[in-house]
Structure formats: C-alpha cells, structure tokens
Amino acid sequence: MSDSYLPKGFLWGFATASYQIEGAPHEDGRADSVWDTFCRIPGKIADGSSGDVACDSYRRTAEDIALLKECGAKAYRFSLSWSRIIPLGGRNDPVNEKGLQHYVKFVDDLRAAGIEPMITLFHWDLPDALNKRYGGMLNKDEFVKDFENYARVCFKAFEAKVKFWITFNEPWCSSILGYSTGLFAPGRTSDRTKSAEGDSSTEPWIVGHSFLIAHGAAVKAYRDDFKAKDGGQIGITLNGDWTEPWDPNDPADVEACDRKIEFAICWFGDPVYFGKYPDSMRKQLGDRLPEFTPEEAALVKGSNDFYGMNHYCANYIKHKEGEPDKNDFTGHLEILMENKAGQTIGPETQSLWLRPHPLGFRKLIKWLSDRYGRPTFYVTENGTSLKGENHLPFEQLLNDDFRCEYFRGYIGALADAHAKDGVNVRGYMAWSLLDNFEWAEGYETRFGVTYVDYTGGQKRHPKKSAKVIGQIFDEYIKKE
Ligand code: BGC
C-alpha cells in the first residue's frame, strides 16, 4: 500500500451514456439520433447491431440505481438523450415533456438514494433531424443556437438538483471519427478525400470549432441564469492518451509526443483556457483550422469550472518525415504499441487502441495541470475491456481480475498525482457501470463492472471489479 491518498470528500462512481445503455428508441416520443441512422448503414457496426435494446436502461432505472448502491458509488455520470427531450432538436421544435420527466424522475431517484448526479448534455447522439436540416455541427450558427436552447431546457428542468454539468463528451471523437475517418456517426467522408460529400480535410476542424462555441454559449447561459441558484459547476470532457517517444534519444520523437497531445486534447483545452488554438495545429493546418472572432475567443476562454478528463491508455509516438498529409489529424506522426527496443506499452485488451499503462495517467494529468494552471479535475471516464471477455465461461467472466488490476493501477497513479505532484483532482467516474453498446464495435467489447446478459433478458450480474473498486477508493480516500 502506498503512502499516496485522495482528498476527503472525493467523489467516485461510474459513467455511462444514453445511446449505449438506454434502448427503447421509440418510447415516450423519442426520435432518431444520428447514431440510430448510422447503425442502419450496413457494415458500420462490427456485429451489425445497434443501441435499439442495449441494456434496456430506460426501463430499468431502478435496477441501475440498485447496482450503484451495491457498489457503494457516491456519484453517477450519465448523459441525456437530446432526441428524447427535443425530438426534432431545434429551438423552435417542441419539448417532449414525457422524455424530460423521465430524466427528472431519474435524478430525483438518484438523489433519494444518496447518489450525486453528474449530467452530460451531449454524448455524440445528435438529433438526426438537425443533421438532415442543416448539417448539424457543420453549421455553426444554427448548431450553437439549438444547443444553447437545449441546454437551457435542461438547466431549468433540473434546477437545484444537479451540481455537475458536462456540455460535451469527447468532441475529438465526434469531430475526427464522425467527419474524417467515418468510423462514427454521421460517418462522413470515410474515403477521406474531397468528394461530393464534403471535404474531410476541413470538416473535422469546422465541427470542433462549433463544439467549442456551443460549449461557451451553454456555459454563459448557465453562469448568467442558473449557477447562482444551483451552486453547480460546468465543464467540458476531453479525451486523450499519454505519449512516450518511440526512440527516447531522437528529439523529433520527443517533440512529436507533445504535438500528439496538442492535436488530441489541447485542440479543445487551449481555447477553453487560453482562447486560442495550439501553435502546432495552426502551423500544420493553416486556414483549414477556423479562426476565433474576438467575441468567440472571449466566450470560450475561461469557460471551464472544472476539467473533465477521460483517459484510458498510452502510446509510443514516432515522428514522420516529409510534408503532412492533408487529412492528417494526429500531428504528423505514428502511433505505436511497441518502442524501438521492442518493449510494449502495456498488455493487449479487447480494444485495439487500448493498452493499460497506469504511470501514463499520472504523467498526463500532471502535464495538463501544469499547462492549464492547476485546474480542478474530475476524471469523467477511465476503464478497460478485456481480451476475449465475451467468450469466457460465465463464472470466469465474473472474475475479472484484469479489470481489478487496471483500476488498482490507475487509481493508485491518480492518488500519486494528487499527493505527490500536487494535482487538484476531486472525483473519478469509472467506465462503465454496465457492459453496453460499444459504438462501432457493437456488443463484442465489454467495459462494464456489471455483466449484462444480452440474450438472457438484459439481466445484470456484478463482476468482481464492481466490489473491488469501492475497496480501492476506501484505501485511498482520506477520512479526516
Ligand atoms: C467514450 C465511451 C466509450 C469508451 C470506451 C470513450 O471514448 O466516451 O462512450 O464507450 O470510451 O471506448
């Protein structure tokens, strides 16, 4: 046991997202989101599935709250489905009271169970009507107004009940995977060339810019009209991995490591803390990266009450020679699992991109803390899949020692960052409470501390990690 610790009152719990767990796509007046539409395109989801049933959480809120209580969770981060609340999405479209009241009741039930709600307004599931009407985030002016309107509807409905708000989850993913690689909804320009569908060398940066302005507008609305009564906090959740040089003796690889983090995280983090994009991005992307007007810069700068950090793993980084490709979104480099000496960054998991490396967590949160002037951090996601988990015999599957070790390593690294590096971290949400719809990977990949029996009526079975995680926090959180 280390001498590191987490502060008294540290808030820990689990995270999920609406489309990944809720199912019930047509219940109570919900309309399609871009993910419903995307899943219908043959070949987009590995197992041909969708979130149509998922964990059936829309109808099983009581069961999910019981699971949270059983684990001892203090908080629950979940996302609202915009398509349930304003099915057609826009500021002139009707609010669907049934959808809204479902979440109001859920928040009341969580609070009655002593669990602090943390709400994400947008976890990738844009109402499809807005995509069809004006291209969603590609149309900044319309999108910003509609998002602000949706955010206001939510702030009002949950007034004085919710203390933690997150505007956007991982805008990097919606921008790059949705508009450059086409792996995620709406799956644009998957051929990554300029085509009749649009220009994938420009679109992700336009989409990212829209997210930032919409974030700024929603935060301003919250601070102007709701925060005083709520006493709440609002921020954006950004994702990114730690980077180690492929060849530590090559200064170009060492430099590429920071550049990779700038392209992944500081793309959004720098505007939020400094009101501008990173120089490395401007240098490579030129005028393909939008400029902030002075009003936009002022709106976005200082718009985080806390930094929401999603983090899973680390990579080795090797710089690339020559001119960057027009569609490059990495910072002109290679992302590798082994370094020059043939060492691997971490063990394999079911997710090709995910190799656990706990020390990287400590290093990255310190790196971000230094860059952004020691903000308050809430870790809003951290967790792992496990290679072959879906095919293990039931008993073995519930004994997820690999996941327990992952949490032990990562929570320990976080405690070190707090106690030894002076990082100001106040909370941690593990991904995820439940096995769920893992986007383009479908149901093959499981991230839950609870096994969901998809062919057995969505029955929930807590795994070993559901218990262990509370024990780990018990060891680290200061009592006095
Ligand atoms: C997302 C989750 C996802 C998880 C594991 C994060 O990028 O926010 O929705 O399931 O990673 O891939």
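Start at 1 and go down the list; that is how both ligands and their atoms are numbered. Just so you know, these numbers use all the heavy atoms, side chains as well, and skip hydrogens, waters and symmetry mates. In this chain, residues are counted from 1 in sequence order.
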>> Distance check, rounded to the nearest 0.5 Å: Ile469 atom CD1 versus Arg408 atom CZ?
In response: 10.5 Å

> Roughly how far, to the nearest 0.5 Å, is CZ of Arg446 from NZ of Lys463?
Replying inline: 6.5 Å

> Just checking, Arg84 and Tyr58: is the charged tip under 6.0 Å from the six-membered ring centre and within 45° of the axis?
Replying inline: yes

>> Here's a test for you: under salt bridge (Lys or Arg N to Asp or Glu O under 4.0 Å), which of Asp453, Asp64, Asp435 qualifies with Arg460?
In response: Asp64

>> Suppose we call two aromatic rings close when their centres sit under 6.0 Å apart. Are Tyr372 and Phe274 close by that rule?
In response: yes

> Do the side-chain N and O atoms of Thr384 and Tyr410 include a donor-acceptor pair separated by under 3.5 angstrom?
Replying inline: no

>> Using a 4.0 Å cut-off on heavy atoms, what residues surround ligand 1? Order them by chain and number.
In response: Gln20, His123, Trp124, Asn169, Glu170, Asn310, Tyr312, Trp353, Glu381, Trp431, Glu438, Trp439, Phe447

